[in-house]
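To keep things clear, I will list the structure first and then write my remarks on it.
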Amino acid sequence: MLQPISTTVSRDHNEYMKTERLKHNGGSVPEAKDFSICALKIMDDCAQKKCLRGGLYFFNDRLCQTQDGEIALNPKCQVPHDFYGPNINIQAVVGQNGSGKSSILELLYRIINNFTFMLELGMYRNSSAEKLFYVKGLHATLYYLLDDHIGTLVADGDVMHFYYDRYEQHLQFEVLNGQESYKVRTQELDIHNEVIEEAAILTPLRRMAEVSRRFFYTIVTNYSMQSYNDQDYYDEKTYKEFVPKLEQGKGGKKQVSKVVVEREEGDVWIRSIFHKNDGYLSPIVLNPYRDEGVIDTYKEYRLSQYRLSTIFIQAEKKGIQVIDDYKLASVDYTYDPWAVEIKFKKLYLGKVRHDSEWMEFSDVASWHKDHRDSIAYLLLCELGLDELDFTKNIIRDAALYMVYKVLSIASKYPSYYKYEDFGNLESYFQGGEYYSKHIPSLVDAIKKDKSHITIKFRQAENFINLIKRDVGLEREFNGTFTFDYYQKKLEVYGLIKKSPSNLRELTKILPPAFFSIDIKLKKDDEATISLSRMSSGERQLLYTCGTFIYHIINLMSVQDSRRVRYRNMMLVLDEVEICFHPEYQRQFISRLRDMLAKFRFNKYCSICIIIATHSPFILSDIPQQNILYLKNGQCVNDNVSVNPYAANVNDILHQSFFLDKTFMGDYALERMQKLLSDIESYGKKKINRNIEKLKQEIALIGDKFLKQQLTALLTYKETLFNHGQNIDKR
């Protein structure tokens with residue numbers, strides 16, 4: 001059993017918070033700061049180090065270890081902070097397979113996971129959010145640099161320590177044997193120069209808001225089929241998160257009870273840090289989503305279409321080239337008559353169940369008419385949708401989608417914890433005085449929320465408002481239409497005053513999610529093609545960039561500094577070169593950096609990119625000081641003599657990827673050795689190949705120098721043989 005013992009200490013805290021209040025007052029977005037992940041210290045008793053040795057692993061030369069063993073700023077740092085542009089740092093981890101690259105990255109994820117678990121102790125999490133698990137036996141320390149201040153995150157078994165400048169957090173829990181429930185004691189926190197005594201449901205959330213300004217959010221992509229499979233982590237021992245439950249009290253008030261639960265067989269920590277339904281509270285997410293190791297490629301395709309549509313539209317307006325030789329022809333939308341029905345059916349195996357009876361979706365859609373005390377009817381009235389013509393399927397679906405989004409938001413996000421009783425589709429059929437009392441405040445909260453949480457709600461709201469202004473548009477939207485057409489209608493009917501200036505604003509005016517998307521591109525003078533017809537390498541490049549941009553936009557949408565709001569991003573690209581032609585590998589860093597800069601993410605966000613790669617072309621864009629070299633589970637930076645930045649690819653392969661033997665494949669090497677032996681033996685002893693067969697194989701060789709040398713040697717041997725000279729004696 002677990003019981004939290006949590007303390008917060010801050011040196012000169014009042015003075016410091018006064019400064020912070022001035023810097024972060026009123027939800028304004030501060031300018032980005034320089035940020036980089038600098039080092040990882042692994043202790044010998046770390047249970048998850050796998051092949052790695054205990055010791056310090058530096059990702060760059062920004063920090064160093066002093067003679068007395070302390071970690072400090074490196075006065076001899078060689079790479080300028082703005083080498084890749086303001087507030088963008090790019091680093092790499094390289095080595096052969098089995099050298100420890102994945103182990104290094106996964107240790108970072110575990111440390112962040114455990115830190116998040118500690119921060120959220122005693123905090124309410126909605127029932128739809130994934131449960132977190134604390135990894136036992138983790139002993140490692142992460143060092144990062146933010147605005148020339150060192151941040152330190154220490155994982156020491158059942159204790160976590162966090163330091164940044166004058167701010168500290170010390171978090172610890174005890175393992176108990178009893179089965180009793182417990183309550184987290186109320187804490188006093190000095191927030192924005194005010195002493196606030198909160199119930200346990202809010203105190204950890206305020207604590208996370210304070211930490212988020214000094215910490216970073218991690219976005220990971222890895223499309224390898226062998227990565228992040230649940231079964232690879234089953235044997236790791238974990239503690240299960242506290243599961244607080246909201247109970248209905250007298251007068252509709254919420255009461256908090258929290259029960260300690262033990263870890264169960266099969267609980268896997270990594271499963272919890274995919275898409276977590278927590279509103280970017282926990283500072284890490286893995287992409288693409290895996291369900292027991294399986295990637296739903298169709299779902300990823302639909303997600304990517306949605307994300308990329310925004311990028312291509314904005315890039316076209318700003319004159320930004322997203323992918324070489326292609327320009328946007330159009331983004332087409334088509335009404336999907338099944339989209340909303342699936343939302344209601346997916347939880348009920350094909351049909352919706354109510355009072356032990358199975359109902360067809362058409363009955364669900366009209367159910368509210370005869371049940372005017374139901375949540376469905378109350379929501380439709382509060383949203384101003386009750387008088388719409390539900391005989392028109394697209395209008396019906398738009399209204400029900402807004403009902404669905406209200407219920408979904410209430411169920412998923414911590415900031416809406418008060419309304420969790422609304423938060424599932426079963427609520428559609430419920431009614432009563434309690435719901436009629438609280439629905440207005442729920443709808444009002446959603447309409448005031450300008451973050452990523454309500455984007456799809458606002459998209460549907462725009463669509464409904466268009467229909468209200470011109471019912472005839474229903475026929476237009478039942479077919480296929482372009483984004484340009486849709487935007488013009490929004491402008492004509494006064495729903496938007498001007499064209500959106502950035503990606504975040506553009507996302508708000510996209511057609512709602514019950515329209516399927518087809519991105520059409522044009523290559524030079526050729527006919528248009530759909531994104532789905534592009535090569536796997538081209539799409540992989542777009543999907544990777546689209547994933548990062550999507551999450552950054554959502555994170556930036558949280559403006560209120562009192563909420564959990566991250567402005568420092570660690571982007572991890574593990575095995576990024578999968579599906580990439582060498583030319584794409586050569587261009588990748590430049591393209592990613594340009595996209596981040598052209599969309600101005602680095603103006604308001606600090607971005608540190610870590611790439612685990614086997615590509616010499618990617619490595620040639622990174623100075624040696626920004627590379628962690630691994631061999632046999634240990635750092636070997638001191639043994640690397642060739643700086644890969646702007647270097648010859650063969651030299652990079654030899655030094656950075658430890659190809660000690662040769663650059664050719666083993667089969668070709670065996671044949672070259674046999675060919676050389678046969679040429680050497682020509683004229684001395686009988687060989688199985690005649691002169692023509694030897695020349696035939698030499699003709700296949702691609703390396704000009706090797707071909708030239710073997711041809712010269714064979715010509716020499718043949719000349720001696722033809723003149724009858726004694727080759728052995730010569």
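If you read the sequence from its start, that first residue is 1, and numbering goes on from there.
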Taking the side chain as every heavy atom from C-beta outward, state whether [X] and [Y] have any pair of such atoms under 4.5 Å apart.
X: Y493; Y: L473; answer: yes
X: M534; Y: L542; answer: yes
X: I219; Y: N287; answer: yes
X: Y223; Y: Q540; answer: yes
X: I270; Y: R110; answer: no
X: D232; Y: N229; answer: yes
X: F59; Y: I104; answer: yes
X: R271; Y: F133; answer: no

Among residues at least two apart in sequence or on other chains, which ones pass ring pair (Phe, Tyr, Trp, His ring centres under 6.0 Å) with [X]?
X: F515; answer: F463, F481
X: F483; answer: none
X: F548; answer: none
X: F115; answer: F162, F215

Of N478, T480, D397, the residue whose pairing with Y335 passes side-chain hydrogen bond (donor to acceptor under 3.5 Å, both in side chains):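 Exactly one candidate clears the test, D397.
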
Can you list, pair by pair, the side-chain donor-acceptor contacts under 3.5 Å of residues 309-317, counting residues two or more places apart and other chains?
from: S309; atom 1: OG; to: Q305; atom 2: O; distance (Å): 3.4
from: S309; atom 1: OG; to: Y306; atom 2: O; distance (Å): 2.6
from: Q314; atom 1: NE2; to: S501; atom 2: O; distance (Å): 3.2
from: K317; atom 1: NZ; to: Q487; atom 2: OE1; distance (Å): 3.3

Mutual orientation of the aromatic rings belonging to Y584 and F580 [parallel < 30°, tilted 30-60°, perpendicular > 60°]: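 Plane angle over 60°, so perpendicular.
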
State yes or no: are the ring centers of H551 and Y217 separated by less than 6.0 Å?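 Distance test on ring centres: not under 6.0 Å, no.
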
Does the ring center of Y566 lie less than 6.0 Å from the ring center of F216?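 Ring-ring flag for Y566/F216: false, centres at least 6.0 Å apart.
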
Measure the spacing between OG of S516 and CG of D336 and express it to the nearest 0.5 Å.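 So the gap between those two atoms works out to 6.0 Å.
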
Regarding [X] and [Y], is there a side-chain donor-to-acceptor distance under 3.5 Å anywhere?
X: Y280; Y: N554; value: yes
X: T613; Y: E575; value: no
X: E577; Y: S615; value: no
X: N602; Y: N87; value: no
X: D518; Y: S530; value: yes
X: E538; Y: S535; value: yes

Heavy atoms from other residues, nucleotides or ligands near NZ of K598 exceed 12 (cutoff 6.0 Å):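 Yes, enclosed.
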
For Q226, does the CD atom sit with more than 12 other heavy atoms under 6.0 Å from it, leaving out its own atoms?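 Count not over threshold, so no.
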
Just jot down the salt bridge (charged side-chain N to carboxylate O under 4.0 Å, His left out) partners of [X], sequence neighbours excluded, or say none.
X: K520; value: D332
X: R586; value: E583
X: E505; value: K508
X: D296; value: none

My understanding is that only residues two or more places apart in sequence, or in another chain, count here; which of them pass side chain to side chain donor-acceptor pair (under 3.5 Å) with K101?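 Expected list: H614.
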
Can you name the residues that form a side chain to side chain donor-acceptor pair (under 3.5 Å) with R458, not counting sequence neighbours?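 Result, side chain to side chain donor-acceptor pair (under 3.5 Å) vs R458: T454.
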
Does anything in residues 442-455 pair up under salt bridge (charged side-chain N to carboxylate O under 4.0 Å, His left out), and if so which pairs, sequence neighbours excluded?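 Of all non-adjacent pairs touching residues 442-455, those that pass salt bridge (charged side-chain N to carboxylate O under 4.0 Å, His left out) are D444-K448, K447-E461, D449-R563.
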
If you apply the rule ring-ring contact (aromatic ring centres under 6.0 Å, His included), what do you find for F477 with Y486, and how did you get there? CA-CA 9 Å; F477 294 137; Y486 187 75; 5.7 Å; yes

Looking at Y550, is R307 sitting on its ring face, NZ or CZ under 6.0 Å from the six-membered ring centre and within 45 degrees of the normal?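 Yes.
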
Hey, does the Lys NZ or Arg CZ of K299 hover above the aromatic six-ring of Y289, less than 6.0 Å from the centre and inside 45° of the axis?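 Because its charged atom sits under 6.0 Å from the ring centre and within 45° of the axis, K299 does stack over Y289.
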
